[in-house]
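A short worksheet on the structure shown next.
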Amino acid sequence: MIIVMGPSATEQQVDAVIHKIKEFGLDVNVSRGTERTVVGAIGDERKLDPEMFDALPGVEQSMHIVKPYKIVGREWHKENTVIDIKGVKLGGNQVQVIGGPCSVETQEQMDLAAEQVAAAGCRLMRGGAFKPRTSPYAFQGHGVEGLAIFRRAADKYHLPIVTELMDVRMLDTFLEYDVDVIQIGTRNMQNFDLLKEVGRTSKPVILKRGMSATISEWLMAAEYIAAGGNHNIIFCERGIRTFETAYRNVLDITAIAMLKKESHLPVIIDPSHAGGKAWMVPALALGAVAAGADGLLVEMHPNPCEAWCDADQALNPQEFKSLMGTIKGVAEAIGRTV
Ligand code: PEP
Ligand code: MN
């Protein structure tokens with residue numbers, strides 16, 4: 001960390017800063033320029049926070065010089081991480097599409113969806129048993145029974161399952177049902193207790209970006225999971241909230257480039273919750289793959305008109321299959337497979 005002293009800082013003020021750094025067991029390097037004195041803290045600067053210094057008299061500004069996200073950052077881990085989900089590799093050359101309905105409704109609906117997801121060439125399936133709905137009166141998901149329905153449907157087609165965990169008290173049940181990928185939804189990106197608990201498991205985790213989360217907050221949320229020992233983390237950009245109201249959210253494609261630079265972990269895109277309309281999904285999905293996304297999380301439904309949740313944005317089976325074909329074309333153009 002470096003602490004830049006103001007132009008009129010006194011020697012006592014510089015000494016106070018030095019004293020504070022030493023209190024935390026770090027070494028100090030003082031550089032006295034003609035206009036400013038800069039104090040450098042040498043050692044494990046995770047113990048220090050800019051706020052500890054900014055409040056001291058004479059300090060103009062203090063900042064970290066190494067990234068606060070150690071495990072998920074590329075600084076310390078140069079190669080891309082490839083996550084193995086029951087033999088399906090996410091983060092390698094092959095782009096993975098995770099398809100399925102927003103929510104688990106009935107056994108028939110999930111059986112059909114699983115068949116259609118597999119027929120389209122997908123290797124992973126999504127479906128929500130616990131749904132974070134804006135209204136408490138809306139369908140909240142079938143809960144544990146939904147996990148059982150999902151498991152039965154997906155197992156017939158050997159599809160690993162991706163489903164959202166909202167409450168830490170359900171984690172053991174998720175492990176009992178051997179949920180293959182735990183999704184942490186947008187509304188829980190900074191539920192730090194939940195992040196810590198999934199960090200103690202070895203299950204792959206999809207960490208969706210918070211509604212208005214900065215890249216740095218998102219990376220730090222992933223660091224919470226990683227700090228517990230679970231490094232199988234997949235970032236999922238699903239659109240952020242801006243002034244625009246013409247679509248559900250604004251898909252931040254820039255985040256792909258930024259995360260790829262800052263982190264070694266895979267990045268996937270959810271074009272469904274970004275656009276919020278089925279007709280937008282192909283454009284956003286193709287853009288994301290062209291920009292370097294390692295995968296897509298796409299909502300499809302055997303009969304979108306009858307979907308219990310997010311009906312507007314679900315692709316029908318034909319649209320979904322045809323999207324898989326166009327994704328293949330874009331992926332191949334940039335040297336990847338689907
Ligand atoms: C979902 O994937 O069904 C979902 C609720 O997504 P998000 O957390 O991105 O809103
Ligand atoms: Mn949804």
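Treat the numbers as computed from the prediction; the structure is a model and nothing was measured. Each ligand, and each atom within it, is numbered from 1 in the order the structure gives. Computed over heavy atoms, backbone and side chain alike; hydrogens, waters and symmetry mates excluded.
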(message) What is the name of the N/O/S atom of H273 that is nearest to the Mn ion (ligand 2)?
(response) NE2
(request) Inspect the contact between E60 and R36 and indicate whether a charged nitrogen and a carboxylate oxygen are less than 4.0 angstrom apart. (result) yes
(request) Could you go through the salt bridge (Lys or Arg N to Asp or Glu O under 4.0 Å) check for R248 and D312 one step at a time? (result) CA-CA 11 Å; R248 192 171 180 182; D312 275 7; over 6 Å; no
(request) List every atom of ligand 1 that sits less than 4.0 Å from any heavy atom of R238, numbering the atoms from 1 in the order shown and giving each element. (result) 7 (P), 9 (O), 10 (O)
(request) Return the residue, atom name and 0.1 Å-rounded distance of the protein heavy atom closest to atom 4 (C) of ligand 1. (result) H273 NE2, 3.5 Å
(message) Please check if the number of heavy atoms outside K277 that lie under 6.0 Å from its NZ is greater than 12.
(response) no
(request) Heavy-atom contacts with E299 under 4.0 Å: which atoms of ligand 1 show up? List them by number with element. (result) 3 (O)
(message) When you measure from the Mn ion (ligand 2) to the N, O or S atoms of C309, does any of those distances fall below 2.8 Å?
(response) no
(request) Run the numbers for me: atoms of ligand 1, each under 4.0 Å from some heavy atom of T186, listed by number. (result) 7 (P), 8 (O), 9 (O), 10 (O)
(message) Please list, in number order, the atoms of ligand 1 under 4.0 Å from a heavy atom of R126.
(response) 1 (C), 2 (O), 3 (O)
(request) Give a yes or no on whether a salt bridge exists between R152 and E145, defined as a side-chain N under 4.0 angstrom from a carboxylate O. (result) yes
(message) For F235 and W218, take the angle between the two ring planes, folded into 0 to 90°, and tell me which bin it lands in: parallel under 30, tilted 30 to 60, perpendicular over 60.
(response) perpendicular
(request) Run the ring-centre check on W308 versus H142 and record whether the distance is less than 6.0 Å. (result) yes
(request) Considering just N/O/S atoms, say which atom of E299 is closest to the Mn ion (ligand 2). (result) OE2
(message) In the structure I gave you, are the side-chain heavy atoms of W76 and H264 within less than 4.5 Å of one another anywhere?
(response) no
(message) Taking K47 first and then E23, would you say they form a salt bridge - that is, a charged N and a carboxylate O separated by under 4.0 Å?
(response) no
(message) Looking only at N, O or S atoms, which one in D310 sits nearest to the Mn ion (ligand 2)?
(response) OD2
(message) What I'd like to find out is whether the side chain of L147 reaches to under 4.5 Å of the side chain of V179, using heavy atoms alone.
(response) yes
(message) List ligand 1 atoms under 4.0 Å from E164, heavy atoms only on the residue side.
(response) 5 (C)
(message) I need the atoms of ligand 1 closer than 4.0 Å to a non-hydrogen atom of G185, numbered in the order shown.
(response) 8 (O)
(request) Pull out every atom of ligand 1 sitting under 4.0 Å from any heavy atom of R187, numbered as shown with elements. (result) 7 (P), 8 (O), 10 (O)
(request) Please identify which atoms of ligand 1 are closer than 4.0 Å to at least one heavy atom of K208. (result) 1 (C), 2 (O), 4 (C), 6 (O), 7 (P), 8 (O), 9 (O)
